[in-house]
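Contents: one structure, followed by commentary.
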Amino acid sequence: MPAQTPQPGPSVAFDGVTKRYPGGVAAVDGVTLEIAGGSFVALVGASGSGKSTLLKTVNRLVEPSEGRVTIGGEDVAGMAPHLLRRRIGYVFQNVGLFPHLSVGENVAIGLRLTGERDGNGRVAELLRLVELPEEMAARMPDALSGGQRQRVGVARALATAPGLMLMDEPFGALDPVTRDGLAQAIRALHDRMGLTTIMVTHDMAEALLLADRVLVMEAGKVVADATPAQLLAGEGGAAAQALVAVPREQAKRLAAMERGA
Amino acid sequence: MNQAFARVPDLLAQHLLLAIAALLLGLMVSLPLAIVSARNKTVGRIALGFASLIQTIPSLALLALFYPILLSLSALVGGGIPALGFLPSLLALSLYAILPILRNGVTGLANLDPDVLEAADGVGMTPWQKLRIVEAPLVAPMLMAGIRTAAVWTIGAATLSTTVGQPSLGDLIFAGLQTQNWTLVLAGCTAAAALALSVDALLGLAEYGIAHRAKRWLVWASLGVLAAGVLVALTPVLPTQQRTVTVGAKGFSEQYILARLIGHRLEAAGYHVQYREGLGSGVAFAAVAAGDVDVYVDYSGTIWTNQMKRSDVPPRAAIVQGVADWARREHGVSLLGSLGFENAYAFAMRGDDARKRGIHSIADLARQAQEMNLATDVEFLERSEWRAVRDAYGLRFKSAHPYQPTFMYRALASGAADAIPAFSSDGRIAAQHLAVLTDPKGAIPGYDAILLIAPGRAKDAHFLEAVQPLVGAIPVEAMREANYMVDRDKDAVSPEEAARWLEGQIGK
């Protein structure tokens, strides 16, 4: 749908970003890199590698100890946190739907915060975007399945039409089938709306299949920065290749089993 | 029976207003405190510790403590702060209401799902929006449970506000306990329990409504019923006519009877009369001086020794005159006159026991006191009369225990005690064949019953005219008889009835 392609999302730049916790441990250690507007970037790494912390410096859920983060050239530290966050979609593993609000109210919360009247059409449109039936707006979150909840979470994040999406293990709690369906839906949304998307995941296969660019983190540092094609071609260094080896090995074994059958 | 319940509606209304006001004030303090406590661990620890500490103070003591606190505060700002009645009750009960609300609020906030809070931040809520849209609704059910607990505690403890001169259902309980009118006690307890259960049930419905979205109307319905109840309770209180007067009474039968006697005369003179009963000795005089009570009966010796701190014991008439001069000079309180009888502390023993031991005077008593037990009323051991008589005779008892006056007589009759400081106008002295010991050293002053009038009524001719006929009108025999009508174990009557009977006697 090229006619519908809007302005691409903003670029994001990290400049010497470090987050040190009391006790001196650096969760993020001097990360400098630039993410082009409209790209889909996956941040991959083991637990504790600092990928979530780095992601949260963008919407200031984490304040860096050193360095700065800019969105479209604008320093995030210069903006009021709540105003900044209303311009950024944020989706995370446990979704955090407001349990006392209906699905519709959850989706429309961003509009409510800015005082916009929700033309009922907006909620329905957002639900459609994440492939949920409109009638679901009246349901309460506890009546939804895990996959449906995460779709509502995505719809809620998209409500204020942000150009930038931050996703922290968005599929972490889902079963493989649901996970795959939602992942493809999100990639489709990303393309259709011209978003800039940064997604944290520990699953290299997911990163390879969804992202335009994969960043591998280890002990607070970015140790690899490559496209999926480059990684599959054996580039990107030892740490990245160790992560790529797992799904590749699995795929080989599955293929061998298929041949053997 | 009907008489006992006749006063319930009025007292119930007062009780409800006091409890609700205390609950609201408690909420106003504890809600912000809960929010701050949940955000700041140090504040939380201090606030919860303080609230728990207050909870360990017995409610009666907490109420009593506010009297001297407010009194000195009033003196500090040059007067005008009432130390009795509504204000101290309100403050003490509010303090009690804080703990359950604060604790549930803090616990509720601390246990909110961190993912939901992260989402609230993530979608761009300001701290205030987060509190209003997410935290408050999610904590509400837990908070409501705390408010229910606070409501039940407050309504229960409000019965004790009687002791600081705030009318409540406690008036019935204390009066009934004193005069052994169990119907009255039952009426007070039942009404207080019914009130507590009703308020709890209404708040429970509101709690259910908060927790269940589809039943949201329940919140408004139940709070509406509660608000309507408060409005109904307010109606008799609001039009405070100019002609409402307050008659005070301390916590024993004679005082209840005399209060009614005075009240009836004032009603006949066209006043709307309310009663503040069960006041402590010190509180009663302060109440009349402050105008919280318009008139009550005290005893010359009580004022002489306790308020004036005198330890000399001149003749009865000189004490009355001394009290009259002092009360007018120091507090603007008028002493209208003596009622005509004396109610002195008089040491009494079981008649047969006194004969057997050969005790006729306090001096005889002092020689054998080491092997005897003393039972007193609740305040005697703290009064200066006790110190005076103890030091004059060198009295040393094996044990000394305070009781409610009624139970003091019972303790003597049952042998649990061997001597008591009885009241000379008490009908039980004759009825229980007690031996009254003489006071050869004159250590106990005269206790003429005297009418004390608040400064504001000193020039109210209509008022004075209504109570003046009581001066010199009550012989001790009539008072003793009336007291006994209320205090006897069988066929006891209410102070109201005894007062009617006494009116008939005076008329003769």
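Lettering of chains follows the sequences in order, A, B, ..., and the numbering in each one begins at 1. Every value quoted in this text rests on a predicted model; they were computed, and no experiment measured them.
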- B:Ala61 meets the side chain to side chain contact (heavy atoms under 4.5 Å, CB included) criterion, sequence neighbours left out, with B:Ile57, B:Pro58
- Item | Segment of A:Val91 engaging chain B (4.5 angstrom heavy-atom cut-off) | neither
- Contact part of B:Leu117 toward chain A, heavy-atom cut-off under 4.5 Å: side chain, backbone, both or neither? neither
Quick one: donor-acceptor pairs under 3.5 angstrom, chain B versus chain A?
residue	atom	partner	partner atom	Å
B:Asp115	OD1	A:Asn94	ND2	3.4
B:Asp115	OD2	A:Asn94	ND2	3.2
B:Glu118	OE2	A:Lys56	NZ	3.4
B:Glu118	OE2	A:Tyr90	OH	2.4
B:Gly124	O	A:Arg86	NE	2.8
B:Gly124	O	A:Arg86	NH2	3.1
B:Gln129	OE1	A:Arg86	NH2	2.9
B:Gln129	NE2	A:Leu113	O	3.4
B:Ile133	O	A:His100	NE2	2.7
B:Arg213	NH1	A:His100	O	3.0
B:Arg213	NH1	A:Glu105	OE1	3.3
B:Arg213	NH2	A:Glu105	OE1	2.9
B:Arg213	NH2	A:Glu105	OE2	3.4

- Task: Applying side chain to side chain contact (heavy atoms under 4.5 Å, CB included), name anything that partners B:Pro167, two or more places apart in sequence or on another chain.
- Result: B:Leu11, B:Gln14, B:Asp171, B:Arg276
Donor-acceptor pairs under 3.5 angstrom involving side-chain atoms of residues 20-28 of chain B: please list them, not counting sequence neighbours.
none

- Query: Around atom CZ of B:Phe86, are there more than 12 heavy atoms of other residues, nucleotides or ligands at under 6.0 Å?
  - Reply: yes
- Interface moiety of A:Ile109 toward chain B, non-hydrogen atoms closer than 4.5 Å: side chain
- Task: Would you mind checking which part of A:Leu97 comes under 4.5 Å of any heavy atom in chain B, side chain (CB onward), backbone (N, CA, C, O), both or neither?
- Result: backbone
- What one should report as the nearest heavy-atom pair of B:Leu138 and A:Pro99 is CD2-CG, 3.7 Å
- Note on the structure: Smallest heavy-atom separation, B:Ala119 atom then A:Gly96 atom, equals CB-O, 3.0 Å
- Item | Which atom of B:Val123 lies closest to which atom of A:Phe98, heavy atoms considered | CG2-CZ, 4.4 Å
